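Okay, structure first, notes after.
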Amino acid sequence: MHYSIISSSPAQTKKIAKLLAKELKGNGVICLTGDLGGGKTTFVQGLALGLGIKEKITSPSFVLIKRYKIPAISYFYHIDCYRLKNPQEILDLGFEEILSLKNTVVVIEWADRIKKILPKKRLNIKFEYLGKNKRKISFASQR
Ligand SMILES: Nc1ncnc2c1ncn2[C@@H]1O[C@H](COP(=O)(O)OP(=O)(O)OP(=O)(O)O)[C@@H](O)[C@H]1O
Ligand SMILES: [Mg+2]
């Protein structure tokens with residue numbers, strides 16, 4: 001599956017993510033890549049909203065992994081690999097255990113930094129900066 005869409009505002013990016021959240025049925029691994037400031041974290045905020053999470057989502061760049069409860073279902077893990085020196089750091093934080101959890105949504109910013117340890121079954125989303133408020137968001141599912 002390949003699909004791309006142009007977003008003209010942060011609000012639109014969140015709306016697209018919210019729609020995706022409805023399709024996730026409470027589980028899945030979503031890998032975000034692309035330009036600095038491309039809108040990855042903004043997208044994650046929309047995903048969280050769509051999953052019914054009320055907490056404010058901020059980038060986990062320093063702590064690497066943040067966990068949120070998805071009401072009545074499961075957990076939402078937000079991982080940011082921007083500051084990673086090597087994939088081992090994320091393995092040390094229990095990455096494989098997180099992936100093995102049932103009913104869990106895992107979203108990973110800068111996923112290309114840990115390409116070697118990503119699961120085969122995942123959704124890849126690439127963010128390209130086209131202009132001040134314009135982003136190209138491309139979806140490609142991997143099996
Ligand atoms: N169409 C758009 N979609 C998403 N964000 C947009 C859009 N237009 C402008 N922005 C702005 O661009 C910035 C995107 O920042 P955001 O932190 O979401 O990107 P990021 O890809 O997570 O960055 P980083 O590479 O630092 O992790 C925000 O300030 C956001 O408001
Ligand atoms: Mg970010």
Side-chain angles (χ1 to χ4, degrees), residues 1-71 73-101 103-142:
M1 189 272 283
H2 274 269
Y3 176 76
S4 70
I5 191 165
I6 302 288
S7 163
S8 309
S9 68
Q12 195 183 349
T13 295
K14 285 185 198 170
K15 198 166 167 189
I16 295 162
K18 249 174 123 172
L19 290 173
L20 173 65
K22 301 295 175 206
E23 295 302 314
L24 293 174
K25 314 241 183 295
N27 66 73
V29 177
I30 304 165
C31 298
L32 312 182
T33 59
D35 298 332
L36 192 72
K40 297 177 290 299
T41 302
T42 303
F43 191 89
V44 177
Q45 289 165 347
L47 267 183
L49 274 174
L51 293 168
I53 295 165
K54 300 274 190 286
E55 289 144 275
K56 186 169 182 277
I57 304 288
T58 54
S59 187
S61 14
F62 288 96
V63 293
L64 305 180
I65 300 179
K66 283 186 184 172
R67 186 184 77 167
Y68 304 87
K69 184 90 180 85
I70 300 176
I73 317 179
S74 54
Y75 286 101
F76 177 64
Y77 283 88
H78 182 190
I79 301 177
D80 191 341
C81 299
Y82 184 64
R83 290 178 192 279
L84 270 200
K85 288 180 194 71
N86 57 65
Q88 189 59 43
E89 281 182 65
I90 213 86
L91 290 171
D92 291 344
L93 291 171
F95 184 65
E96 284 176 327
E97 288 80 347
I98 291 169
L99 293 181
S100 71
L101 297 171
N103 301 319
T104 297
V105 175
V106 183
V107 63
I108 310 166
E109 294 193 44
W110 296 95
D112 40 340
R113 307 239 162 141
I114 56 165
K115 213 175 262 165
K116 278 184 283 184
I117 61 170
L118 291 174
K120 281 203 185 64
K121 188 168 182 274
R122 63 183 193 256
L123 173 64
N124 292 322
I125 312 180
K126 188 173 82 185
F127 293 79
E128 290 168 84
Y129 185 101
L130 299 184
K132 191 176 176 294
N133 291 312
K134 211 166 167 189
R135 307 287 186 270
K136 182 176 177 189
I137 307 176
S138 308
F139 300 81
S141 64
Q142 294 258 303

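Atoms within each ligand, like the ligands themselves, are counted from 1 in listed order. Bear in mind the structure is a predicted one, so any value in this text is a computation, not a measurement.
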Say whether [X], considering both its backbone and side-chain N or O atoms, lies within less than 3.5 Å of an N or O atom on ligand 1.
X	answer
Asp80	no
Lys134	no
Leu36	no

Between Val44, Thr41, Val29, which is the residue that forms a side chain to side chain contact (heavy atoms under 4.5 Å, CB included) with Val107?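 It is Val44; the other options fail the test.
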Within a distance under 4.0 Å of any heavy atom of [X], pick out the atoms of ligand 1 and give their elements.
X	result
Lys132	8 (N), 9 (C)
Gly38	19 (O), 20 (P), 21 (O)
Glu109	22 (O), 27 (O)
Ser7	1 (N), 2 (C), 3 (N)
Thr41	17 (O), 18 (O), 20 (P), 22 (O)

Protein heavy atom at shortest distance from atom 8 (N) of ligand 1: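 The closest one turns out to be Asn133 CA, 3.2 Å.
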For atom 21 (O) of ligand 1, what's the nearest protein heavy atom and its distance? Lys40 NZ, 2.7 Å
Determine whether [X] and [Y] make a side-chain contact, defined as any pair of heavy atoms from C-beta on separated by less than 4.5 Å.
X	Y	value
Asn27	Ser74	no
Tyr82	Glu109	no
Phe139	Ile16	yes
Leu19	Lys22	no

contact_flag Trp110 ligand 1 heavy-atom lt 4.0 Å: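 Yes, Trp110 has a heavy atom closer than 4.0 Å to ligand 1.
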Is the terminal nitrogen or CZ of Lys66 (NZ for Lys, CZ for Arg) located under 6.0 angstrom from the six-membered ring centre of Tyr77 and within 45° of that ring's axis? no
Looking only at non-hydrogen atoms, which of [options] approaches [atom] most closely?
atom	options	value
atom 15 (O) of ligand 1	Ile16, Ile6, Thr42, Thr13	Thr42
atom 7 (C) of ligand 1	Gly37, Ala11, Pro10	Pro10
atom 12 (O) of ligand 1	Gln12, Gln45, Lys14, Arg135	Arg135

Looking only at side chains, do Lys126 and Ser4 share a donor and an acceptor under 3.5 Å apart? no
Within the distance-only criterion (no hydrogens, no angle test), does the side chain of [X] pair as donor or acceptor with the backbone N or O of [Y] below 3.5 angstrom?
X	Y	value
Arg135	Gly37	yes
Lys121	Ser141	no
Lys14	Gln45	no
Asp35	Tyr129	yes

Is the closest protein non-hydrogen atom to atom 18 (O) of ligand 1 under 4.0 Å? yes
So does Lys69 have more than 12 non-hydrogen atoms from other groups sitting under 6.0 Å from NZ?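 Counting neighbours around NZ of Lys69, more than 12 heavy atoms of other residues, nucleotides or ligands fall under 6.0 Å, so yes.
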Structural part of Ser59 in contact with ligand 1, heavy atom criterion under 4.0 angstrom: neither
Answer with side chain, backbone, both or neither: which part of Tyr82 has a heavy atom less than 4.0 angstrom from an atom of ligand 1? neither
Taking the Mg ion (ligand 2) as the centre, count the protein N/O/S atoms lying under 2.8 Å from it. 2
Would you please name every residue forming a side-chain contact (heavy atoms from CB on, under 4.5 Å) with Ser61, sequence neighbours left out? Ser59, Asp80, Arg83
Rounded to the nearest 0.5 Å, what separation is found between the CD1 atom of Ile125 and the CZ atom of Phe43? 3.5 Å
